[in-house]
Amino acid sequence: MLKLDFDKLEKRFSISLLKQENAIYSVAAIDLLKPEEMRKFVDQYAPLIKALDATAVAAYFAGWFANVALALQYSVSVYNTALDLSLANLTVELVQDEGYAQIIFCLDRWQEQDAPANDDQGRVQWLNGVYADFYGETVKPLFTSLSAVSGLPIGQLWGQFPTKLYY
């Protein structure tokens, strides 16, 4: 089995194992489920992207979070393993580099779950579980919180994924 290429995750999908020394703001992703913490995040991110309202911040963040979905898709498709990309294992960091605002998703711990070997039916069940957990237990509650705070309909947040996944 191939070993997961961490450098590729970092360069292509904004996933890091290291906290960013130049982070302007940092928050445990799980804390973003609390309205007051999501509001703080939105308030910190807005001036970095020159957003005039919270809906723009929400759309930008959802686009960045598509990187996390892409990292999962990449790891299961290429390496047959799923990274723990749960909210409890992610820290969201705002970084500004050369005037450009970025969001880096830091893994608090490296944890992988390998797909069943030599078992096509088992792999399908494993994949269904991995995707149900990620989209149902990670993305949905995060986007629900972001929608409630920003006022952007949740469908618009989900709508940021297809374009990012396509490219």
Side-chain angles (χ1 to χ4, degrees), residues 1-42 44-45 48-49 57-98 100-117 123 125-147 149 157-158 160-165 167:
M1 181 179 295
L2 295 170
K3 183 176 164 78
L4 190 58
D5 184 347
F6 178 74
D7 288 336
K8 195 169 283 188
L9 288 175
E10 193 167 33
K11 289 176 185 162
R12 288 191 179 174
F13 308 119
S14 303
I15 304 287
S16 181
L17 279 173
L18 303 173
K19 302 293 185 206
Q20 305 302 298
E21 292 178 14
N22 59 339
I24 297 168
Y25 184 76
S26 181
V27 61
I30 194 81
D31 289 343
L32 292 175
L33 300 183
K34 302 172 192 167
E36 64 277 7
E37 292 298 324
M38 182 60 82
R39 170 59 56 203
K40 285 181 197 174
F41 172 78
V42 167
Q44 289 290 319
Y45 191 30
L48 297 178
I49 60 172
V57 172
Y60 269 74
F61 179 76
W64 276 99
F65 203 77
N67 284 326
V68 179
L70 282 167
L72 179 65
Q73 184 66 47
Y74 177 78
S75 71
V76 298
S77 299
V78 176
Y79 295 99
N80 223 23
T81 190
L83 279 173
D84 177 2
L85 298 170
S86 65
L87 295 176
N89 194 37
L90 291 173
T91 299
V92 179
E93 297 195 323
L94 297 178
V95 176
Q96 193 162 24
D97 188 24
E98 297 180 20
Y100 178 69
Q102 300 178 53
I103 297 177
I104 306 296
F105 301 96
C106 297
L107 292 173
D108 296 330
R109 70 187 177 291
W110 185 269
Q111 186 173 333
E112 296 178 50
Q113 179 190 57
D114 291 333
R123 185 174 192 281
Q125 290 175 342
W126 173 80
L127 275 174
N128 287 339
V130 165
Y131 290 139
D133 285 348
F134 179 72
Y135 289 102
E137 304 300 322
T138 298
V139 182
K140 184 179 178 184
L142 183 64
F143 281 9
T144 298
S145 176
L146 184 57
S147 176
V149 167
L157 297 172
W158 285 104
Q160 302 305 307
F161 274 37
T163 302
K164 190 85 164 210
L165 293 172
Y167 287 108

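Note: hydrogens, waters and symmetry copies are ignored here, and every other heavy atom, side chains too, is used. Fair warning: this is a prediction, and the values are worked out from it, not measured in the lab.
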**Q.** Pair Leu107-Ile15, side chain to side chain contact (heavy atoms under 4.5 Å, CB included): steps then yes or no
**A.** CA-CA 7 Å; Leu107 292 173; Ile15 304 287; 3.9 Å; yes
Q: Apply side chain to side chain contact (heavy atoms under 4.5 Å, CB included) to Leu32 and Val27, showing your working.
A: CA-CA 8 Å; Leu32 292 175; Val27 61; 3.8 Å; yes
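In this structure, Glu36 does not pair ionically with Arg39, as no charged nitrogen and carboxylate oxygen lie closer than 4.0 Å.
Counting only heavy atoms from C-beta outward, the side chains of Phe161 and Val139 approach each other to under 4.5 Å. By the 4.5 Å heavy-atom criterion applied to side chains, Leu83 and Trp110 are counted as neighbours. Between Gln20 and Cys106, some side-chain heavy-atom pair lies under the 4.5 Å cut-off. Within the 4.5 Å cutoff, side-chain heavy atoms of Leu94 are placed close to those of Ile103.
Looking only at distances, no side-chain donor or acceptor of Gln160 sits under 3.5 Å from a matching main-chain atom of Ala62. No donor-acceptor pair closer than 3.5 Å links the side chain of Asp31 to the backbone N or O of Glu37. Within the 3.5 Å criterion, the main-chain N or O of Tyr135 finds no donor-acceptor partner in the side chain of Glu137. Under a 3.5 Å cut-off, the side chain of Thr144 and the backbone N or O of Lys140 do form a donor-acceptor pair.
Put simply, CD on Glu21 and CD on Glu93 are 10.5 Å apart, with the number rounded to the nearest 0.5 Å. In this structure, CZ on Phe134 lies 10.5 Å from CG on Asp84, to the nearest 0.5 angstrom. For the atom pair Gln96 CD and Ile24 CD1, the distance stands at 4.5 Å (nearest 0.5 Å).
Classification of the Phe61-Phe41 ring pair by plane angle, with boundaries at 30° and 60°, yields perpendicular.
Among residues at least two apart or in separate chains, salt bridge (Lys or Arg N to Asp or Glu O under 4.0 Å) pairs with a member in residues 10-20 are Lys19-Asp108.
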Review item, side-chain donor-acceptor pairs of residues 67-75, under 3.5 Å, at least two apart:
| from | atom 1 | to | atom 2 | distance (Å) |
| --- | --- | --- | --- | --- |
| Asn67 | ND2 | Trp64 | O | 3.4 |
| Gln73 | OE1 | Tyr131 | OH | 2.9 |
| Gln73 | NE2 | Ser77 | OG | 2.8 |
| Gln73 | NE2 | Tyr131 | OH | 3.2 |
| Tyr74 | OH | Tyr79 | OH | 3.4 |
| Ser75 | OG | Ala71 | O | 3.4 |
| Ser75 | OG | Leu72 | O | 3.0 |
| Ser75 | OG | Thr81 | O | 2.9 |

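Between Lys164 and Gly63, the shortest heavy-atom distance links the atoms NZ-O, 3.5 Å. Shortest non-hydrogen contact noted between Ser16 and Ile104 is CB-CG2, 3.7 Å.
Partner of Leu142 under the side chain to side chain contact (heavy atoms under 4.5 Å, CB included) criterion, out of Leu157, Leu87, Leu90: Leu87 alone.
Checked against a 6.0 Å centroid threshold, the rings of Phe105 and Phe13 do not count as neighbours.
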